[in-house]
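See below for the structure under consideration.
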Amino acid sequence: MNQVIELKHPLIEHKLSILRSKHTSTKEFRELIKEISTILCYEAMKDAQLDPITIETPIQKMETHRLNEDKYAFIPILRAGLGMLDGVLSILPTVKVGHIGMYRNEKTFEPVNYFFKVPEGIENREVILLDPMLATGGSADDAITLLKEKGVKKIKFLCIISAPEGLQKVTEKHPDVEIYTACIDDHLNENKYIVPGLGDAGDRIFGTK
Ligand code: PRP
Ligand code: URA
């Protein structure tokens, strides 16, 4: 699975240990999701193409390179993906943003799509898809499929915690999509929650439970 990039860094493990704890407050949970998302985005942009540009420093002209943010779109999967948006916008603040609404049916665990709105010209943008949790992979698979149906050719998926089951499903169905994850956890439980995981990401970000 060399399309899966797991961030292995002591600071990530440190931050994840606070994020996962059931004693962590909503405020701190949100801040950590944002911080880890920024780091995931840095990693995901390491192959970004830059355009040549001439600028003038206070000393002299120089040839350098810039990223054209118009070539990208950030798309959080609602709700929990919204928690990652501030983090990625903090480093690429002018990238256009789309939204895909998905929730898991509590009995079948199948994703249900309830909203889809993406920036104009999406077929010409690289999409950075955001969702903190990749569990069965159903939501990610459906979101990626919807984007491909709209003509999107390059997609990267950023998630904080992933399960081997979901990674297997998404990599098999979408071998062209790179997945950047802060940690690959052990397995899914009988309710399809990631173990050890962090619980319900949406509820913890929005304080709904
Ligand atoms: C969570 C999470 C993912 C999905 C992952 O969303 O944010 O979208 O579950 O599970 P899967 O890989 O098995 O599809 P949830 O359905 O809880 O909705 P929410 O973000 O609105 O809370
Ligand atoms: N969605 C979550 O928010 N957490 C999980 O562990 C699985 C799906």
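Heavy atoms only: backbone and side chains are in, while hydrogens, waters and symmetry mates are out. In each ligand, atom 1 is the first atom listed, and ligand 1 is the first ligand listed.
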**OP:** Indicate whether any N or O donor in one side chain lies under 3.5 Å from an N or O acceptor in the other, for His174 and Asp141.
**Re:** yes

Subject >> Side chains of Glu56 and Gln60, donor plus acceptor under 3.5 Å >> reply: no

Contact table ligand 1 N or O to protein N or O, d under 3.5 Å:
| unit_1 | atom_1 | unit_2 | atom_2 | d |
| --- | --- | --- | --- | --- |
| ligand 1 | 7 (O) | Asp131 | OD1 | 2.8 |
| ligand 1 | 8 (O) | Asp131 | OD2 | 2.5 |
| ligand 1 | 12 (O) | Ala135 | N | 2.9 |
| ligand 1 | 12 (O) | Thr136 | N | 3.1 |
| ligand 1 | 12 (O) | Gly137 | N | 2.8 |
| ligand 1 | 13 (O) | Arg104 | NH1 | 2.7 |
| ligand 1 | 13 (O) | Thr136 | N | 2.9 |
| ligand 1 | 13 (O) | Thr136 | OG1 | 2.6 |
| ligand 1 | 14 (O) | Ser139 | N | 2.9 |
| ligand 1 | 14 (O) | Ser139 | OG | 2.6 |
| ligand 1 | 16 (O) | Arg104 | N | 2.9 |
| ligand 1 | 20 (O) | Arg79 | N | 3.1 |
| ligand 1 | 20 (O) | Ala80 | N | 3.0 |
| ligand 1 | 21 (O) | Arg79 | N | 3.2 |
| ligand 1 | 21 (O) | Arg79 | NE | 3.0 |
| ligand 1 | 22 (O) | Arg79 | NE | 3.3 |
| ligand 1 | 22 (O) | Arg79 | NH2 | 2.9 |

Original post:
Are Asp200 and Lys22 ion-paired here, with the side-chain N under 4.0 Å from a carboxylate O?
Top reply: no

Original post:
Quick one: is the NZ or CZ of Arg79 closer than 6.0 Å to the six-membered ring centre of Phe115, and within 45° of its axis?
Top reply: no

Subject >> Heavy-atom side-chain contact between Tyr180 and Phe157 under 4.5 Å >> reply: no

**OP:** Sort out the contact shell of ligand 2: every protein residue with a heavy-atom distance below 4.0 Å, listed by chain and number.
**Re:** Arg104, Met133, Ala135, Lys192, Tyr193, Ile194, Gly199, Asp200, Ala201

Original post:
Can you tell which of Lys154, Lys153, Lys148 makes a salt bridge (charged side-chain N to carboxylate O under 4.0 Å, His left out) with Asp176?
Top reply: Lys148

Subject >> Lys156 (side chain) donor-acceptor with Ala44 (main chain) under 3.5 angstrom >> reply: yes

Original post:
Looking just at side-chain N and O atoms, do Gln3 and Thr171 make a donor-acceptor pair shorter than 3.5 Å?
Top reply: no

Original post:
For Thr94 and Glu69, does a side-chain donor sit closer than 3.5 Å to a side-chain acceptor?
Top reply: yes

